[in-house]
Amino acid sequence: MPSSPANSVIVLDFETTGLSPNMGDRAIEIGAVKLIDGEVVETFQQLMNPGCRVSSFIESYTGITNNMLRTAPSCEEVMAQFAEFMGNAHLVAHNASFDKRFLDAELERLNIRYAGQFACSMLIARRLIQDAPTHKLGDLVRYKRIDNDGVFHRALADAEMTAKLWLVMLEELEQKGVSNPSFGFMQTVSKTSKGAVGGLLARARV
DNA sequence: TGCCAGGCCCTCTTTAGGGCCTT
């Protein structure tokens, strides 16, 4: 797996057949944007065939139909391509624990490991944007008046909105005096993230 | 048969419970 520059961040989003890979759910689409120094330099989007039919709820929720997936490449093929795209960059997602579970599950099938750390835009937003009505991605985008094309629940569109939200929050933190916040947020999504993020925001005096 | 996730975080907490957020 290729290495990535230290200032490289990949914001990603999965559409899936359900909520839990442990319950047999699979990814059906991945979208990602690569940020270098806060600029989008590359994007990745691909439908993938999970090898099973998706429910009518998922078809309605995402707009991704069984017919669309019928001719899509397999999850294994797409995830191998994405691993090359991802390299060892740090990763960001909205409610990252969800996307990390699917990323880990799909890469494990390929015996691929990655070295980047995972950060969660939702956890940061809950602390930094406390007056937002909710911390759903769409609501935060509207609340912060971030440009969007009105497409939700598709992987690349959601990844692009998450990236914009991420940059807005970094800018707010810089204005609050955090000298180099982008890598301060690169904490893994794990039981240790509570203290790490809390400590960062304590320094940011939010 | 019926049900099915998991982690964070707040509070009426910590020997727990429930809302939020993701698909």
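Chain letters run A, B, ... following the sequence lines, proteins first and then strands; every chain starts at 1.
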Determine the contact category for [X]: base if any of its heavy atoms lies under 4.0 Å from a base atom, sugar-phosphate if only primed atoms, P, OP1 or OP2 are that close, otherwise nothing.
{"X": "A:Met122", "value": "sugar-phosphate"}
{"X": "A:Thr17", "value": "nothing"}
{"X": "A:Ile28", "value": "nothing"}
{"X": "A:Asp139", "value": "nothing"}
{"X": "A:Asp13", "value": "sugar-phosphate"}
{"X": "A:Phe102", "value": "nothing"}

message: If I pick the P atom on B:dC4 and the same atom on B:dG18, what distance separates them, to the nearest angstrom?
response: 14 Å
task: Could you give the distance separating B:dC20 and B:dG2 at their P atoms, to the nearest angstrom?
output: 29 Å
- prompt: The side chain of A:Met23 lies closest to which of these nucleotides: B:dC8, B:dT23, B:dC4?
  reply: B:dC4
message: Using the side-chain heavy atoms of A:Arg101, tell me which of these nucleotides is nearest: B:dA5, B:dT23, B:dC21.
response: B:dA5
field: Salt-bridge contact A:Glu106-A:Arg26 (side-chain N to carboxylate O under 4.0 Å)
entry: yes
query: Separation of A:Leu12 atom CG from B:dT22 atom P, in whole Å?
result: 14 Å
Can you see if the side chain of [X] gets near the phosphate of [N] - specifically, an N or O under 4.0 Å from OP1 or OP2?
{"X": "A:His135", "N": "B:dC20", "result": "no"}
{"X": "A:His94", "N": "B:dC21", "result": "no"}
{"X": "A:Asn95", "N": "B:dC8", "result": "no"}

